[in-house]
2 protein chains.
Amino acid sequence: MSSEPTNSTAHTERWTATNSAGYAAPAALAVDVVVLTVQDGATRTLVLERSDGALALPGGFVGDAETPQQTVIRKLSEKTGLQEVYVEQLATFAAPGRDPRGWIPTIAYLALMPPGIEPTDPAARWINATDHAALVFDHNEILETALERVRGKLWWSNVAVGILPGEFTLAEARHVYTAIADIDYDPGTFARDIRATGLVAATGRERHDTGGRPASLYTFTEHHPAWGVGRRKRVSNT
Amino acid sequence: MSSEPTNSTAHTERWTATNSAGYAAPAALAVDVVVLTVQDGATRTLVLERSDGALALPGGFVGDAETPQQTVIRKLSEKTGLQEVYVEQLATFAAPGRDPRGWIPTIAYLALMPPGIEPTDPAARWINATDHAALVFDHNEILETALERVRGKLWWSNVAVGILPGEFTLAEARHVYTAIADIDYDPGTFARDIRATGLVAATGRERHDTGGRPASLYTFTEHHPAWGVGRRKRVSNT
DNA sequence: ACAATAGTGTCTTTTAGACAGTATTCT
DNA sequence: AGAATACTGTCTAAAAGACACTATTGT
């Protein structure tokens, strides 16, 4: 896997490819990943700072014997050390000229991680997902697509399972939902409604370091992507 | 455009490609399109019958100077003569071996058409979208993805604008929604709720061939993809 | 006792679903 | 007149939002 071309250094020449039938072919198939987490009430995303200072989403080239999702998981493992992450496909960006290195379509993915992951790659760092410097190529558009997706699924699925730890208090869950949806949910109503989705269950244990009455701990009953019963909750004030 | 390799005949050999850096590259980038319409209360999709009798979704190869969506629109124009169709990207399928002709990722698209379009391509025909013979490759999975998508967006967007004619009665709209969602909507409640989305407006004209009291004609106020105010309506009985 | 956080109960408003009943046309 | 289709009004049940109030801990 170390013999593949790198996606993280500046290009020097334009790549081309021709297939065995004699027609122009894509020079490569790429994946780009929007890794999201919620830390200190803010939605944050992982970027790589390149040698010229430009910021790019993590990504890489898909090998000819793997699925693009395997590429994503492999790359995330390299950058963060995490093996188990929530990953789903977002959309494919393939406009001619989107990548100056050549005809390189990219399949964009959304990945979610619990907060506090320290990147193992020294060029990687977390930035604010909703208020940040411009990214390279069409990566701003990819990031916007990811934020829209996660907001759209927030109350209908267990996406948040990717961000919350295995056990969490309803207050922790509420902070994550608040950061993503940009809505201040009422604590009582939040508890009622998230229980009504049928996606969480109390573990019976409690957390005592909350500064007041101990909080019951909950888990998502499903750790794979799942849909709950529909709630109609707002996810943005705008 | 006639000099490109065809996507509709059986393969004879496996295509490969190598890029200028010496690495394996995709042999081609394809698009496949799920064209949906509603006719006589049934959801129908366009397929091409190949020389060996197998059924495939319409599709083609993306040229190196066009966006995949342009490829889709070009192919649909060839097969049906229609220029203006509702098109949106679904997902990309790129598992190794998905296409026996070689490493050929495909970007799947959803397209919607009004009923009664006669295909110009003699190999093309409409089949039932929810109850049909098996399709080639992973095309069954692509079709399922399309049906899920259109059901998911039905009450939240103006997707149905792609199927309904420019002017339509609320009964016609209700039949389309009924076919897609597989729910028998109450006529009165349907009228109230579709007006509440803010996506339709009465034209002031009427249709008199309904066999009873004339029906008011409506249009979608937006013909480009748009989102209405959220309704929580059910879309499946299962 | 007091502060702090967790959690419950309940009232109001909105909206979905059902359906009775009225309106307008054609034969 | 009667049949057929279009449309309105209204009742009920469910669910979302707001918020007062109670519960349980640490200091």
Side-chain angles (χ1 to χ4, degrees), chain A residues 41 151-152 154-156 164 167-178 181-219 227-238, chain B residues 41 151-152 154-156 164 167-178 181-219 227-238:
Chain A
R151 283 190 201 116
L154 187 61
W155 279 100
W156 305 82
L164 287 162
E167 281 193 329
F168 53 85
T169 66
L170 292 189
E172 289 171 330
R174 183 163 47 86
H175 292 140
V176 167
Y177 277 63
T178 294
D182 197 25
I183 293 266
D184 273 322
Y185 295 111
D186 172 82
T189 308
F190 179 86
R192 176 191 70 192
D193 290 345
I194 195 153
R195 279 194 283 248
T197 64
L199 293 168
V200 299
T203 63
R205 280 185 290 280
E206 293 182 332
R207 176 161 297 159
H208 285 258
D209 58 355
T210 56
R213 169 177 171 178
S216 294
L217 286 165
Y218 287 77
T219 51
W227 296 93
V229 301
R231 301 263 112 190
R232 193 187 36 195
K233 298 191 82 64
R234 285 179 300 137
V235 288
S236 178
N237 279 313
T238 55
Chain B
R151 285 191 199 114
L154 187 60
W155 280 100
W156 305 82
L164 287 161
E167 281 193 331
F168 52 88
T169 67
L170 291 189
E172 290 171 329
R174 183 162 49 86
H175 292 140
V176 167
Y177 278 62
T178 293
D182 198 25
I183 294 264
D184 274 323
Y185 295 110
D186 171 83
T189 307
F190 179 86
R192 176 191 69 190
D193 290 345
I194 197 154
R195 279 192 283 246
T197 63
L199 293 167
V200 300
T203 63
R205 280 184 291 277
E206 292 182 332
R207 175 162 300 159
H208 286 257
D209 58 356
T210 57
R213 169 178 169 177
S216 294
L217 287 165
Y218 286 78
T219 51
W227 296 94
V229 301
R231 302 265 112 189
R232 194 185 37 195
K233 296 190 83 65
R234 285 178 303 137
V235 288
S236 178
N237 278 315
T238 55

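Note that this is a predicted model, so its numbers are computed, not measured. So you know, we letter chains A, B, ... as the sequences are listed, proteins then strands, and number each from 1. Values below: all heavy atoms of this structure, side chains included; hydrogens, waters and symmetry mates excluded.
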> So what does A/T169 touch, heavy atoms closer than 4.0 Å: a base, only the sugar-phosphate, or nothing?
Replying inline: nothing

>> Test side chain to side chain contact (heavy atoms under 4.5 Å, CB included) on B/V200 and B/T219; report intermediate values, then the result.
In response: CA-CA 5 Å; B/V200 300; B/T219 51; over 6 Å; no

> Mapping A/G212 and A/L170 to their closest nucleotides on DNA chain C, which lands nearer the 5' end?
Replying inline: A/G212

>> What is the separation between atom CD on B/E206 and atom C1' on C/dT25, rounded to the nearest whole Å?
In response: 10 Å

>> Quiz question: going by heavy-atom distance under 3.5 Å, is there a donor-acceptor pair between the base of D/dA16 and the side chain of A/T189?
In response: no

>> D/dT8, OP1 or OP2 - any side-chain N/O from B/R195 closer than 4.0 Å?
In response: yes

>> Any N or O donor-acceptor pair under 3.5 Å from the base of C/dG9 to the side chain of A/R192?
In response: no

> Atom CG of A/L154 to atom C1' of D/dA16: distance rounded to whole Å?
Replying inline: 16 Å

>> Under 4.0 Å, counting only non-hydrogen atoms across every strand here, what does A/A191 touch: a base, just sugar-phosphate, or nothing?
In response: nothing

>> Which is more 5' along DNA chain D, the nucleotide nearest A/R213 or the one nearest A/G188? Just name the residue.
In response: A/G188

>> For the backbone of B/R213 and the side chain of B/T210, can you confirm whether one donor and one acceptor N or O come within less than 3.5 Å of each other?
In response: yes

> Can you list the steps and then say if A/Y185 with A/Y177 is a ring pair (Phe, Tyr, Trp, His ring centres under 6.0 Å)?
Replying inline: CA-CA 8 Å; A/Y185 295 111; A/Y177 277 63; 7.0 Å; no

> Would you say the side chain of A/I183 lies within less than 4.5 Å of the side chain of A/T178, judging by non-hydrogen atoms?
Replying inline: no

> In whole angstroms, how far is the C1' atom of C/dT15 from the CG atom of B/D186?
Replying inline: 15 Å

>> Tell me the interatomic distance from A/W155, atom CH2, to D/dG17, atom C1', rounded to whole angstroms.
In response: 12 Å

> To the side chain of A/P214, which of D/dA16, C/dA6, D/dT24 is closest?
Replying inline: D/dT24

>> What is the separation between atom CZ on B/R207 and atom P on D/dC7, rounded to the nearest whole Å?
In response: 11 Å

> To the nearest Å, how far apart are A/D184 CG and D/dG17 C1'?
Replying inline: 13 Å

> Over how many whole Å does the gap from A/H208 atom NE2 to C/dA4 atom C1' extend?
Replying inline: 15 Å

> Any side-chain heavy-atom pair from B/R174 and B/I194 closer than 4.5 angstrom?
Replying inline: no

>> Heavy atoms from C-beta onward define the side chain here; which of C/dT8, D/dA6, C/dA16 lies closest to that of B/T210?
In response: D/dA6

> For the pair made of OH in B/Y177 and P in C/dA16, what is the distance, rounded to whole Å?
Replying inline: 14 Å

> Between D/dA6, C/dA16, D/dA16, which nucleotide gets closest to the side-chain atoms of B/D193?
Replying inline: C/dA16

